[in-house]
Amino acid sequence: MGYTVEKISGNQVKIAFEVPAEKFDEAMQKAYLKVRGRVNVPGFRRGKAPRKVIETMYGEGVFYDDALEIVFPDVYEEAVKGEKLQVVDRPEMDEMKQIGAGKELLFSVKVYVKPDVELGDYKGLKAVKYTHKVTDEEIDSRIQQDVDKATTMADVTDRAVEKGDIVKLNYAGSVDGVAFEGGTAENQTLEIGSGHFIPGFEEQMIGMQIGEEKDLNVKFPDEYHAENLKGKDAVFHVKVNGIQVRVKPELDDDFAADVSEFDTFAAYKEGIVKELSDRAEKNAATQLENELVQSAVDASDCDIPDAMIENEIDLMLREMQMRMAYQGLRYEDYLKYTGQTEEQMRDMYRAEAKNRVKMQLVLEAMVKKEAIEPTEEEVEKAIAEEAERAGQPADEFKNSLSDRQKDYLRENAAIRKVVDLIVKEAKVEEKDESERISAADAAKAVQAAAEAAEKAEEE
């Protein structure tokens, strides 16, 4: 068996096959054994008609499709492996030059492969790294998170309800003396002053004692979600079952020791500042890296087969469905609620999918051009990071990997190195984050001015 490979374009090749006559004759005989049970021949029981009789009645072409299916997988795999073709779609028949018993089988197929990439500049790229200085408000907000975790609840028994209290209550609502759906509950929890209930409800509870019952007169908002209650006057009969208050910890050394590894509040606060600063630096570095890689991708060119884009859309949709499943949502229900079709979802993801595919191809091309090979230590690090994301011990995770998965992680380690190279070779200017905000505001102002001028011309 022989074959020749001809590149048609940057993303498609033509493979011409030459299958010896004896090899195709073997396939024809196998095809006969497969087909004979499906063919009716007068005078013979089903499956017992000789091959010559079937060929006389229907022509030997009746076996061609099955014979080709028998021959093709082996010759195709030989060509793909022999030429190290990275196919990305199913092959399509191009031309059948010769087929028949006793003849050499000559045919060709076309198949899409990973496209050639014309790399643009990826060294010496210019970019701005916007740094963020941690503010007092961010520090206070972060400390407040620990305060909330350390806050406890205490029962109040010696006074009436006050604003800010957490009240346990029963209530039963009615409109014109008739109870309505969803208007009755027992032992509900309500923070007085939170605004979670209908306007006027919480304010009227202030001053009530534990065990006290009272009718509250309220009016449903005109924009209320229940159509039958919009703008209606209502009466809620309520009973206070209990009162609680939040007990917040003092911001002192004891608090610091309880919520952190530090013994003093001063050291704890310094740790918070470092935590926020490290996070801000990591975010800035990640954003810089993403912008540099995107610049390198935009500067490069390749003709991406549609199949690669569609496969990436499939992956993105599966990821979306998994996220929904974790939240207890069904993808089909999401489409129904949003009024979108599957095709509209695919169209929505298409541009991002194309960019993701192109980014992968460009980075792979850079790895090849730079002849980058990750060290074993770098591969081990990639495996350890993936194990951490999977929530498994590194050794256990590594032993569970297939050879294909290990190759994938090795490729990722190589891509990580080329990304590091892009960042290292870049010409980076550091600016305060406020300058980016100012620049964005200026850009919006310019856009608004342009739109206003265009509108004025039209008028």
One should read off an interatomic distance between Arg159 CZ and Ile210 CD1, to the nearest 0.5 angstrom, of 9.0 Å
Under 3.5 Å donor-acceptor, Asp233 side chain and Lys219 backbone: no
Residue of the set Lys163, Arg246, Lys168 for which salt bridge (charged side-chain N to carboxylate O under 4.0 Å, His left out) holds with Glu191: Arg246
In this structure, which one of Leu421, Val419, Val362, Ile415 forms a side chain to side chain contact (heavy atoms under 4.5 Å, CB included) with Val367? Ile415
Quick one: pull up CG in Asp314 and CD1 in Ile309 and give me the separation to the nearest 0.5 Å. 12.0 Å
Drop me the distance from Met359's CE to Ser300's OG, to the nearest 0.5 angstrom. 10.5 Å
Please say whether more than 12 non-hydrogen atoms of neighbouring residues, nucleotides or ligands are located less than 6.0 Å from CD in Glu186. no
Scanning both residues in full, the closest heavy-atom pair of Leu119 with Lys369 reads CD1-CD, 3.8 Å
Step by step, would you call Glu310 with Arg346 a salt bridge (Lys or Arg N to Asp or Glu O under 4.0 Å)? CA-CA 8 Å; Glu310 295 303 319; Arg346 298 186 72 84; 2.9 Å; yes
Does CG belonging to Asp121 count more than 12 external heavy atoms closer than 6.0 Å? no
Given 3.5 Å as the limit, does a donor-acceptor pair link the side chain of Ser141 with the main chain of Glu137, or not? no
Within 6.0 Å of CG in Asn228, more than 12 heavy atoms from elsewhere: yes
Describe, in one word, how the ring planes of Phe72 and Phe107 are oriented to each other, choosing from parallel (under 30°), tilted (30 to 60°) and perpendicular (over 60°). tilted
Is the backbone N or O of Val167 less than 3.5 Å from a side-chain atom of Asp165, with the two atoms forming a donor-acceptor pair by type? no
What residue among Glu386, Glu376, Glu378 forms salt bridge (charged side-chain N to carboxylate O under 4.0 Å, His left out) with Arg410? Glu376
Distance-only, no hydrogens or angles: does the Lys114 side chain make a donor-acceptor pair with backbone N or O of Leu361 under 3.5 Å? no
Side-chain donor/acceptor of Glu118 to backbone N/O of Asp301, under 3.5 Å: no
When rounded to the nearest 0.5 angstrom, what distance separates CG in Leu317 from CD in Glu342? 5.5 Å
Under 30°, 30 to 60°, or over 60°: which ring-plane class applies to Tyr334 and Tyr331, parallel, tilted or perpendicular? parallel
Roughly how far, to the nearest 0.5 Å, is the NZ atom of Lys248 from the CD atom of Glu250? 11.5 Å
Where do Glu138 and Lys133 come nearest, in terms of heavy atoms and distance? OE1-O, 4.1 Å
Donor-acceptor side-chain pairing of Asp148 and Gln144 below 3.5 angstrom: yes
Can you see whether Asn355 engages Gln294 through a side-chain donor-acceptor pair at a distance of less than 3.5 angstrom? yes
Can you name the closest pair of heavy atoms from Val357 and Met308 and give their distance? CG2-O, 3.7 Å
Determine, stepwise, if the pair Lys274 / Glu281 fulfils salt bridge (Lys or Arg N to Asp or Glu O under 4.0 Å). CA-CA 10 Å; Lys274 184 179 186 306; Glu281 170 58 27; over 6 Å; no
Examine the side chains of Tyr122 and Glu370 and answer whether a donor and an acceptor come within less than 3.5 Å of each other. yes
Taking every heavy atom of Leu68 against every heavy atom of Met93, the minimum-distance pair comes out as CD2-CE, 3.6 Å
Can you check whether Phe255's main-chain N or O pairs, donor with acceptor, with Asp252's side chain at less than 3.5 Å? yes
Under the salt bridge (Lys or Arg N to Asp or Glu O under 4.0 Å) criterion, do Arg279 and Glu275 qualify, and how do the steps go? CA-CA 6 Å; Arg279 186 186 303 168; Glu275 173 192 323; 2.9 Å; yes
What distance do Asp158 atom CG and Gln209 atom CD have between them, rounded to the nearest 0.5 Å? 9.5 Å
Heavy-atom count around Glu83 CD within 6.0 Å, excluding the residue itself: above 12? yes
Verify the neighbour count for atom NZ of Lys230: are there more than 12 heavy atoms of other residues, nucleotides or ligands below 6.0 Å? yes
Atom of Ala256, atom of Ser260 and distance for their closest heavy-atom approach: O-OG, 2.6 Å
Short question: side chain of Asn170, backbone of Asn187 - any donor-acceptor pair under 3.5 Å? yes
Hey, does the side chain of Gln204 reach the backbone of Gly200 with a donor-acceptor pair shorter than 3.5 angstrom? yes
Which of Lys354, Arg356, Glu352 passes side chain to side chain contact (heavy atoms under 4.5 Å, CB included) with Glu312? Answer is Arg356
Mutual orientation of the aromatic rings belonging to Phe236 and Tyr171 [parallel < 30°, tilted 30-60°, perpendicular > 60°]: perpendicular
Crowded around Glu223 CD? As in, over 12 foreign heavy atoms under 6.0 Å? no
For the side chain of Glu202 and the backbone of Phe197, is there at least one donor-acceptor N/O pair under 3.5 Å apart? yes
How far apart are the closest heavy atoms of Ala16 and Ser108, and which atoms are they? CA-CB, 3.9 Å
Crowding at CD, Glu343 (>12 non-hydrogen neighbours, <6.0 Å): yes
Check Arg416, Lys417, Lys424 against Asp420 for a salt bridge (charged side-chain N to carboxylate O under 4.0 Å, His left out) and give me the one that passes. Arg416
Return yes if some donor-acceptor pair links the side-chain N/O of Gln12 with the main-chain N/O of Ser9 below 3.5 Å, else return no. no
Does Val111 form a side-chain contact (heavy atoms from CB on, under 4.5 Å) with Val5? I'd like the steps, not just the answer. CA-CA 11 Å; Val111 64; Val5 177; over 6 Å; no
Whether over 12 other heavy atoms sit under 6.0 Å from Asp407 CG: yes
